[in-house]
Amino acid sequence: MLGAMAVDSVGSGMYVPFSLVFFHHITGLSFAVVGAVLTAVGLIGMGALPLAGAAVDRYGARRVQLVLYGVRGAGFALYPFAVALPAFAAVALGTSFGDRAFPAVQQSYIGVVARGADRDRLQAAARALRNAGLGGGALLASLIITVAGDRGFTAAAWLNAASFGVAALLIRSVRPARTPGVAAASADVPACTKCGYRMVFADKPFLGLTVANFLTALGYSALPVLFPLFIVNTLAGPQSLTGAAFTVNTVLCAVAGVFVAGRIRRHGARRTRSAALGAAIYATAFAALAAVAAVRPHAGWVVAAAVVGLVTLYTVAEMVHNPSAGTLAVAAAPENVRGRYMATYQLSWSLAATLAPSLFTVLIAAGAWLPWALLTGTALSAAVLLLRLEPHLPAEAVRLTPPAPVAEHRPEVRTAPAPAL
């Protein structure tokens, strides 16, 4: 499963950092048209989440994940041929459905494959692999484009399509172990095919988790959206400093993410409290960035040191918050409707990513410190909300527990009866 995650991330890294340029070159459409289409299909693609959640509960997370790998792979294989606007919009819409639904399905499958503290380990490893894969994929795409020119974009599209195929083959080989006393649903055999989203919406503590994650997810969107505007426009720093900020975040998450999550587990921190700690560290970083925006230092070395230092603090917050928050949501979801629960939770990520660009650009135009002040408030609110939700969440979701032992079949050994005396 980790191998599939790594291959998927490398493929995605070949286009994510260059998405507008990537699609402009492989389709020949203008940047404005590409941007408008991607925004529209991204919003429409959020509609795939409820469908994917219901499909997971009916057919199992593994089957749905394989289907989504096929949808995403087919989309990128077809992009170089989608040179007309209708064709590009159709392919982009199908791919968007797959991309938007995939994280929720993968989270559901993590709940099937791992239990107890192993879920936290897998979440931390998945985050580290994603960051490492995105960075490696971006470097690989840069090399291909440098060598092959514009044809390199087409090659990158097809290599990304191939990466989804390889990941699907790896996922096909995953066989979750059945554990004693665990319902069939945990072995990816759904036990509730008629439960609707009414059950999710009636679960107020879980909806509270989703709201808390939305408040924190706005901060996650700051790195790709707000930091470039802040560095270039507010601080008048070089564009290369934006690349340095991305590099610091990617390398630290890839190298230290598993270590930081392991330290938190060894200290026995409750998932709610470690996620709240991550949100509080986010708030500290954002408050410091608001202060920097208000002062606007002019010395180049001061700007560079402030950006690198605060991006490092921002990354520490991500490493503390992400594994605990993700596993908390998986563990808080009932096993027989985990697909619907994860689809609802994933809406918080999608909605934050959709709102962030327009929200941040409006606020930074009114005042360079305003978006950072807003993010400080949302992160602190998320931390408080997580702590208040703790008594209302299942104890096994809040507290780290060792994974259930895997049943082993041992052949019966027959021994000869002892001779009578």
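The basis for the numbers below is simple: all heavy atoms, side chains too, and nothing from hydrogens, waters or symmetry mates. By convention here, the first residue in the shown sequence is residue 1.
For the pair Gln65 and Val105, the minimum side-chain heavy-atom distance is below 4.5 Å. Val10 has its side chain out of reach of Ser163: every pair of non-hydrogen atoms, C-beta onward, lies at least 4.5 Å apart. At least one side-chain heavy atom of Leu241 sits under 4.5 Å from a side-chain heavy atom of Val303. Taking 4.5 Å as the limit, every side-chain heavy atom of Thr250 sits out of range of all side-chain heavy atoms of Leu134. Taking 4.5 Å as the limit, every side-chain heavy atom of Leu215 sits out of range of all side-chain heavy atoms of Leu380. Side chains of Leu129 and Leu2 form a contact here, defined as non-hydrogen atoms less than 4.5 Å apart. In this structure, Val316 and Leu252 have side chains that are not in contact, with every pair of non-hydrogen atoms separated by 4.5 Å or more.
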ask   = When you look at Leu226 and Ile364, which way does the side-chain contact (heavy atoms from CB on, under 4.5 Å) test go after all the steps?
value = CA-CA 9 Å; Leu226 188 52; Ile364 204 169; 3.9 Å; yes
request  = Kindly determine whether Arg58 and Val64 satisfy side-chain contact (heavy atoms from CB on, under 4.5 Å), including the steps that lead there.
outcome  = CA-CA 10 Å; Arg58 179 172 292 274; Val64 179; over 6 Å; no
message = Show, in sequence, the C-alpha distance, side-chain angles and deciding distance for Arg270 and Glu390, and conclude whether the side-chain contact (heavy atoms from CB on, under 4.5 Å) test is met.
response = CA-CA 9 Å; Arg270 299 178 186 181; Glu390 183 177 295; 2.6 Å; yes
request  = Take Tyr109 and Val56 through the test side-chain contact (heavy atoms from CB on, under 4.5 Å) and record every step on the way to the result.
outcome  = CA-CA 9 Å; Tyr109 201 37; Val56 167; over 6 Å; no
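Between the side chain of Thr327 and the backbone N or O of Ser324, no donor-acceptor pair lies under 3.5 Å. Side-chain atoms of Arg63 come within 3.5 Å of backbone N or O of Tyr59 as a donor-acceptor pair. Asn336 places no side-chain N or O within donor-acceptor distance of the main-chain N or O of Asp57, the cut-off being under 3.5 Å. Between the side chain of Thr378 and the main chain of Leu375, a donor-acceptor pair closer than 3.5 Å is present. Side-chain N or O atoms of Thr376 include one that pairs as donor or acceptor with a backbone N or O of Ala287 at under 3.5 Å. No donor-acceptor distance shorter than 3.5 angstrom exists from the side chain of Asn131 to the backbone of Ala254, with no hydrogens or angles considered. In terms of modelled atom types and a separation under 3.5 Å, the side chain of Arg62 and the main chain of Arg172 share a donor-acceptor contact. Side chain of His24 to backbone of Leu29: a donor-acceptor contact under 3.5 angstrom is found.
Not counting sequence neighbours, the partners of Tyr282 by the ring-ring contact (aromatic ring centres under 6.0 Å, His included) test are Tyr220, Phe286, Tyr314. In this structure, the side-chain contact (heavy atoms from CB on, under 4.5 Å) partners of Val330, at least two apart in sequence or on a different chain, are Gln107, Arg119, Gln123, Arg338, Met342. With sequence neighbours left out, Ser96 forms a side chain to side chain donor-acceptor pair (under 3.5 Å) with no residue at all. Under the ring-ring contact (aromatic ring centres under 6.0 Å, His included) criterion, Phe246 pairs with no residue at all, not counting sequence neighbours. Glu318 meets the side chain to side chain donor-acceptor pair (under 3.5 Å) test with Arg127, Asn249; sequence neighbours excluded. Judged as a side-chain contact (heavy atoms from CB on, under 4.5 Å), and not counting sequence neighbours, the contacts of Leu347 are Met46, Leu49. Residues that satisfy the side chain to side chain donor-acceptor pair (under 3.5 Å) test with Ser348, not counting sequence neighbours, are Asn213.
To the nearest 0.5 Å, the span separating OG1 on Thr315 from CD1 on Ile281 amounts to 11.5 Å. To the nearest 0.5 angstrom, Phe97 atom CZ is 7.0 Å from Leu51 atom CG. Rounding to the nearest 0.5 Å places CZ of Arg100 at 11.0 Å from CD1 of Ile44. Put simply, CH2 on Trp349 and OG on Ser221 are 8.0 Å apart, with the number rounded to the nearest 0.5 Å. Separation of atoms CZ (Arg273) and CD1 (Ile264) is listed at 14.0 Å; rounding is to 0.5 Å. Here the OG1-CG distance, from Thr272 to Leu277, works out to 11.5 Å after rounding to the nearest 0.5 Å.
Pairing each heavy atom of Val292 with each of Ala306, the nearest pair is CG2-CB, 4.5 Å. Between Thr216 and Ala279, the shortest heavy-atom contact is OG1-CB, 4.5 Å. Residue Ala54 comes nearest to Tyr197 through the heavy atom pair N-OH, 3.8 Å, listed as atom of the first residue, atom of the second, then distance. Residues Ala124 and Ala261 come closest through the heavy atom pair CB-CB, 3.4 Å. Between Ala329 and Leu209 the shortest heavy-atom distance is CA-CD1, 4.3 Å. Across Gln346 and Ala104, no two heavy atoms sit closer than the pair CB-CB, 3.8 Å.
Within the structure, no pair that satisfies the salt bridge (Lys or Arg N to Asp or Glu O under 4.0 Å) test touches residues 32-47, not counting sequence neighbours. Listed by first then second residue, pairs satisfying salt bridge (Lys or Arg N to Asp or Glu O under 4.0 Å) with a partner in residues 30-42 number zero, not counting sequence neighbours. Residue pairs that meet the salt bridge (Lys or Arg N to Asp or Glu O under 4.0 Å) test with at least one member in residues 344-361, sequence neighbours left out, do not exist here.
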Scan the side chains in residues 352-360 for donor-acceptor partners under 3.5 Å anywhere in the protein, sequence neighbours excluded, and list what turns up.
from, atom 1, to, atom 2, distance (Å)
Thr354, OG1, Ser350, O, 2.8
Ser358, OG, Leu355, O, 3.2

Can you list, pair by pair, the side-chain donor-acceptor contacts under 3.5 Å of residues 66-93, counting residues two or more places apart and other chains?
from, atom 1, to, atom 2, distance (Å)
Arg72, NE, Asp99, OD1, 2.8
Arg72, NH1, Asp8, OD2, 3.2

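Under the 4.0 Å criterion applied to side-chain N and carboxylate O atoms, Asp118 and Arg115 are not assigned as salt-bridge partners.
The environment of CZ in Arg266 is crowded: more than 12 heavy-atom neighbours from other residues, nucleotides or ligands sit within 6.0 Å.
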